[in-house]
Amino acid sequence: MLMTITIIGHGYVGLVSACVFADFGNKVWVIGHTPEKLARLRSGDPILYEPGLKEMLEKNLKAKRLIFTDTYKDSVPESQIVFITVGTPPKENGAADLTAVYHVAEQIAKHLKPGFNVVSCKSTVPVGTNKKVEEIVNKNKKANSHIAVASCPEFLREGSALGDTLHPDRVIVGSSSKEAVDTMLELHKPISGDRVVTDLASAELIKYTSNSMLATKISFANLISFYCEKTGADVETVLDAVGLDKRIGRSFMYPGVGYGGSCFPKDVQALMDTGKNLEIDTSLLQAVENINQQARENFLKNILKHIKGKTIGVWGLSFKPDTDDVRFAPSVYVLRELIKKGFTLKVYDQVAMENIKKILGNKLTYVNNPYEAVENVDALCIFTEWNEFKQIDLSKVKKLMKKHLIFDGRNIFEPKKMKKAGFEYYGIGRS
Ligand code: UDX
């Protein structure tokens, strides 16, 4: 059954969900509040870099199934489902800032038409938030209006957001209303994956548990890489062997310069904050965060220990490949420290340079390809495992570099091969 939907917010979750639901044939309104961004979206520019998203946006704009607006008055009254996908940025103390969630919940309730409707929250919110959303909605709704609240957390990854939304491992629907659950299951019918129907609190906690568990696996792999560096063991061999144990597995056990992005750092902190409020010992989560910070610091220390000279080439700036996102990217921390120490940095990333410019501006030299980045440098640093670096012409790289020193923060090369090719090569946890 086709529906009319409103989505509040057009970040990764909002925009990708809007495009996917519109592509199924639904009419989807998207509410934003920045005129310049709305104009770009209406012209088919998704603002953020995400493979396949521009094509899907253009297609559904053309079909008039996707409408961008800044008001609630046309969109919300005709919608059966309104999604909240606004940001929940971290406050100074690590707690999630829920101001936007509560503000839009009030606005939605005031504008929904009498009858049955669902308000579904896809923003990542601490356990207990949707109970409060329910209270706000009930306080502000019109007479004869029956609004049910659902929590439907989203598990998409940047860089593979469309595939993850269309083919997730599971769809979570948390609600105490059977009607709301049925409506959400109907909307998600074309999407594959298992269904988990539960209560609001469990749905909220599933999202934080998933992200914190993945962050824990990464920090554990990084911790083992520290042991390997001190003992001469090889972390990739160790983790390959450990991962063969099906109870453990290998995914999200890739050591490196640390996790970044808009989710893991913020969600681990928010889960810690919730734990503190509930008087739960959160030292495990604190250790996950500390190890992530140590991974960046160790990478920096290693550069400073081995480099002779002051010019460094940099490959990759985004927090992971296939995205232009540099939020909490390990590159930002390390480059800031290197700038303070007077290094000249020639940086290259196929899509993230505009975003890093907003943070580090003219303190970096921006170049157009990976070869230009290594011309006459004393060392090369790799922060992101973009495919274009994996099969690069290493003999050309060697000729261009002044000194043949490489710090690989994502273990994209084999140490033995690099040594044979004439490089002094430092991966993460590799002998
Ligand atoms: C994550 C979750 O995977 C997703 O389910 C959720 O909805 C949002 O948060 P995302 O942040 O887009 O997605 O990227 P992800 O692929 O999970 O990587 C996060 C960070 O962890 C990156 O910096 C990546 O480089 C790092 N990482 C990942 C590792 O260092 N090692 C690994 O083994 C895996």
Side-chain angles (χ1 to χ4, degrees), residues 11-17 48-51 53 85 87-88 96 122-125 152-165 167-172 193 203-204 206-225 235-236 238-240 242-243 248-271 288-289 291-296 298-299 316-334 349 352 382-387 389 408-412 427-429:
Y12 273 96
V13 172
L15 187 57
V16 171
S17 306
L48 41 93
Y49 176 84
E50 181 63 37
L53 188 58
T85 71
T88 53
K122 271 193 181 288
S123 299
T124 302
V125 292
C152 290
E154 177 55 60
F155 299 93
L156 64 82
R157 287 163 298 174
E158 293 182 23
S160 51
L162 288 175
D164 288 348
T165 306
H167 309 291
D169 290 333
R170 72 291 204 205
V171 171
I172 311 290
E204 291 165 330
I206 286 167
K207 171 74 191 199
Y208 279 101
T209 308
S210 296
N211 275 359
S212 299
M213 184 66 216
L214 293 170
T216 303
K217 286 187 89 176
I218 299 167
S219 277
F220 197 85
N222 281 329
L223 176 67
I224 298 305
S225 81
V235 76
E236 298 295 344
V238 171
L239 293 175
D240 280 347
V242 170
I248 301 172
R250 181 63 155 107
S251 68
F252 276 78
M253 291 274 277
Y254 290 89
V257 67
Y259 61 75
S262 67
C263 294
F264 290 172
K266 145 176 117 56
D267 293 352
V268 170
Q269 279 209 356
L271 189 59
V288 169
E289 194 182 82
I291 292 167
N292 197 46
Q293 180 57 23
Q294 275 170 40
R296 288 154 206 232
N298 284 1
F299 190 69
L317 299 164
S318 53
F319 81 100
K320 59 177 272 186
D322 295 318
T323 177
D324 62 355
D325 198 341
V326 297
R327 285 176 289 175
F328 296 96
S331 63
V332 176
Y333 169 81
V334 176
D349 185 294
I382 303 168
F383 288 103
T384 321
E385 66 277 35
W386 283 97
N387 276 341
F389 307 140
D408 179 356
R410 296 293 175 188
N411 283 352
I412 63 179
I428 305 288

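None of the values given here were measured: they were computed from a predicted structure. Reckoned from all heavy atoms, side chains included, excluding hydrogens, waters and symmetry mates. In each ligand, atom 1 is the first atom listed, and ligand 1 is the first ligand listed.
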Inset, instruction - Flag yes if more than 12 heavy atoms outside Tyr208 fall under 6.0 Å of its OH atom; otherwise flag no. - result: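 More than 12 within 6.0 Å, yes.
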How far is [atom] from its nearest protein heavy atom, and which residue and atom is that?
atom                    : value
atom 12 (O) of ligand 1 : Glu158 N, 2.7 Å
atom 34 (C) of ligand 1 : Phe252 CD2, 3.4 Å
atom 24 (C) of ligand 1 : Phe319 O, 4.0 Å
atom 3 (O) of ligand 1  : Arg157 CG, 3.2 Å

Legend entry - Nearest atoms (heavy-atom pairs only) where Val268 meets Tyr259: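 Closest approach of Val268 to Tyr259: CG2-OH, 4.0 Å.
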Inset, instruction - Mind listing the closest non-hydrogen atom pair of Gly260 and Arg296 along with its distance? - result: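 Nearest pair, atom of Gly260 first, then Arg296: CA-NH2, 4.2 Å.
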Legend entry - Sub-6.0 Å ring centroid separation between Phe328 and Phe264: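 No; Phe264 has its ring centre 6.0 Å or more from that of Phe328.
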Nearest 0.5 Å, what's the [atom1]-[atom2] distance between [X] and [Y]?
X      : Y      : atom1 : atom2 : answer
Leu271 : Met213 : CG    : CE    : 12.5 Å
Asn298 : Asn222 : CG    : CG    : 9.0 Å
Thr209 : Leu214 : OG1   : CG    : 10.5 Å
Tyr49  : Asp325 : OH    : CG    : 13.0 Å

[X]-ligand 1 polar pair, N/O distance under 3.5 Å:
X      : answer
Lys320 : yes
Tyr254 : yes
Ile218 : no
Phe155 : yes

Enumerated ligand 1 atoms positioned under 4.0 Å from heavy atoms of [X]:
X      : result
Met253 : 33 (O)
Lys207 : 6 (C), 7 (O)
Glu154 : 7 (O)

With a 4.0 Å cut-off on heavy atoms, is [X] in contact with ligand 1?
X      : value
Cys263 : yes
Gly260 : yes
Arg410 : yes

Inset, instruction - Check whether any side-chain heavy atom of Thr384 lies under 4.5 Å from a side-chain heavy atom of Arg410, and answer yes or no. - result: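 No; the side chains remain at least 4.5 Å from each other.
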Inset, instruction - Determine, stepwise, if the pair Asn411 / Tyr254 fulfils side-chain contact (heavy atoms from CB on, under 4.5 Å). - result: CA-CA 9 Å; Asn411 283 352; Tyr254 290 89; over 6 Å; no
Inset, instruction - Report the part of Asn211 (side chain from C-beta onward, or backbone N, CA, C, O) that has a heavy atom under 4.0 Å from ligand 1; answer both or neither where that applies. - result: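 Near ligand 1, Asn211 shows its side chain, while the N, CA, C and O stay back.
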Legend entry - Of the listed options Leu214, Leu156, Thr323, closest to atom 7 (O) of ligand 1 (non-hydrogen atoms):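 Minimum heavy-atom distance to atom 7 (O) of ligand 1 goes to Leu156.
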Inset, instruction - Run down the list Phe264, Tyr259, Phe383 and name the one with the heavy atom closest to atom 19 (C) of ligand 1. - result: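 The option holding the nearest heavy atom is Phe264.
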Legend entry - Under the ring-ring contact (aromatic ring centres under 6.0 Å, His included) test, residues paired with Phe319 that sit two or more places apart: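 Phe319 satisfies ring-ring contact (aromatic ring centres under 6.0 Å, His included) with no other residue.
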